[in-house]
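The block underneath contains the structure these notes are about, expressed in structure tokens.
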Amino acid sequence: MSNQTSDLTLLGNQATKYPSDYAPNILEVFENKHQGRDYFVKFNCPEFTSLCPITGQPDFASIYISYVPDIKMVESKSLKLYLFSFRNHGAFHEDCVNIIMNDLIKLMEPRYIEVWGKFTPRGGISIDPYCNYAKSGTPWEEVAWKRLSNHDMYPEKIDNR
């Protein structure tokens with residue numbers, strides 16, 4: 001991988017085409033210039049949309065992605081287009097967050113990553129799946145377990161959406 005951003009094809013591209021179906025191949029990376037330091041990068045996607053795989057009805061969510069990069073980082077425009085590609089994709093809420101996390105792990109091999117989906121209620125119930133991952137053999141493994149087991153100790157009120 002080049003240490004330059006010349007490998008990026010979407011950033012600054014005025015002829016961007018939005019994918020009409022699930023498109024993990026659209027994700028792009030660039031080199032982390034601060035590999036000697038642990039730090040979080042957080043993305044908030046308040047307009048995520050997917051489809052119920054049974055009814056075909058749209059599901060709406062805020063998706064929160066936080067990760068500690070190692071060598072590679074995801075380029076934000078490619079991430080935006082990737083998340084947009086779920087618009088016509090049929091998957092349950094739990095599948096969506098796990099698919100997103102798995103694709104980002106495969107792409108970047110981060111030290112740590114978590115994905116949390118806060119889906120708007122449909123049929124009187126909301127579903128907020130959370131998943132995380134830590135690279136084996138790192139101190140982040142302990143963090144992953146603690147975050148997973150305590151991630152929702154202080155549940156939100158319904159008016160916080």
Over all atoms of both residues, closest heavy-atom pair of Lys72 and Leu107: NZ-O, 3.5 Å
Flag side-chain contact, heavy atom, 4.5 Å: Tyr133 against Asn102: no
Phe60-Tyr130 co-clustered via ILVMFWY side chain contacts under 4.5 Å: no
Within this structure, what is the CD1-OG1 distance for the pair Ile125 and Thr120, rounded to the nearest 0.5 Å? 12.5 Å
Aromatic contact, Phe86 with Tyr22 (centres under 6.0 Å): yes
4.5 Å side-chain heavy-atom contact, Arg122 and Thr55: yes
Examine Ile26 and Ile105 and state if one hydrophobic cluster contains both, with Ile, Leu, Val, Met, Phe, Trp and Tyr joined whenever side-chain heavy atoms are less than 4.5 Å apart. yes
Please confirm whether the backbone N or O of Pro19 pairs with a side-chain atom of Ser85, one donor and one acceptor, at under 3.5 Å? no
Check the pair Leu104, Leu79 against side-chain contact (heavy atoms from CB on, under 4.5 Å), reporting the backbone distance first and the verdict last. CA-CA 9 Å; Leu104 291 173; Leu79 179 64; 4.2 Å; yes
Going by heavy atoms in the side chains, are His89 and Ser50 under 4.5 Å from each other? no
Taking C-beta and beyond as the side chain, do Ser78 and Val74 meet within less than 4.5 Å on heavy atoms? yes
Taken to the nearest 0.5 Å, the spacing of Phe92 CZ from Cys52 SG works out to 5.5 Å
Applying the 4.5 Å side-chain criterion to the ILVMFWY set and letting contacts propagate, would Tyr39 and Phe30 be lumped into a single cluster? yes
Hydrophobic clusters here meaning ILVMFWY residues chained together by side-chain heavy-atom distances under 4.5 Å, can you tell me if Leu83 and Leu51 are in one? no
Report yes if some heavy atom in the side chain of Glu109 is under 4.5 Å from a heavy atom in the side chain of Ile71; otherwise report no. no
Mark yes when over 12 heavy atoms from residues, nucleotides or ligands other than Arg87 sit less than 6.0 Å from its CZ; otherwise mark no. no
Classify the angle between the aromatic ring planes of Phe43 and Tyr67 as parallel (below 30°), tilted (30 to 60°) or perpendicular (above 60°). parallel
Atom CD of Glu28 and atom OG of Ser76: how far apart are they, to the nearest 0.5 Å? 10.5 Å
Has Glu47 got more than 12 heavy atoms of other residues, nucleotides or ligands less than 6.0 Å from its CD? no
Could you go through Trp116 and Phe48, starting from their C-alpha distance and side-chain angles, then the distance that decides it, and tell me whether this counts as ring pair (Phe, Tyr, Trp, His ring centres under 6.0 Å)? CA-CA 12 Å; Trp116 195 345; Phe48 180 83; over 10 Å; no
Might you point out which heavy atoms bring Arg37 and Arg111 nearest each other, and give the distance in Å? O-NH1, 3.5 Å
Closest non-hydrogen atom pair, His93 against Pro129: O-CG, 3.6 Å
Under a 4.5 Å cut-off applied to non-hydrogen side-chain atoms, are Met108 and Asp70 in contact? no
State plainly whether one hydrophobic cluster holds both Val29 and Val41, where clusters connect Ile, Leu, Val, Met, Phe, Trp and Tyr through side-chain heavy atoms under 4.5 angstrom apart. yes
Check for a donor-acceptor pair, side chain of Glu75 on one end and backbone N or O of Lys77 on the other, with a separation under 3.5 Å. yes
Residue pair Pro110 / Val68: nearest heavy atoms and the distance that separates them: CB-O, 3.5 Å
Show, in sequence, the C-alpha distance, side-chain angles and deciding distance for Lys135 and Trp140, and conclude whether the side-chain contact (heavy atoms from CB on, under 4.5 Å) test is met. CA-CA 7 Å; Lys135 189 175 275 190; Trp140 289 101; over 6 Å; no
Crowded around Phe40 CZ? As in, over 12 foreign heavy atoms under 6.0 Å? yes
With no hydrogens and no angle check, is any side-chain donor or acceptor of Asn32 less than 3.5 Å from a backbone partner on Met73? no
Closest non-hydrogen atoms of Tyr82 and Ile100, given as atom of the first, atom of the second and distance, are OH-CA, 3.3 Å
Minimum heavy-atom separation for Ala144 to Asn132, with atom names? O-ND2, 2.8 Å
So CD1 of Ile63 and NZ of Lys118: to nearest 0.5 Å the spacing works out to 11.0 Å
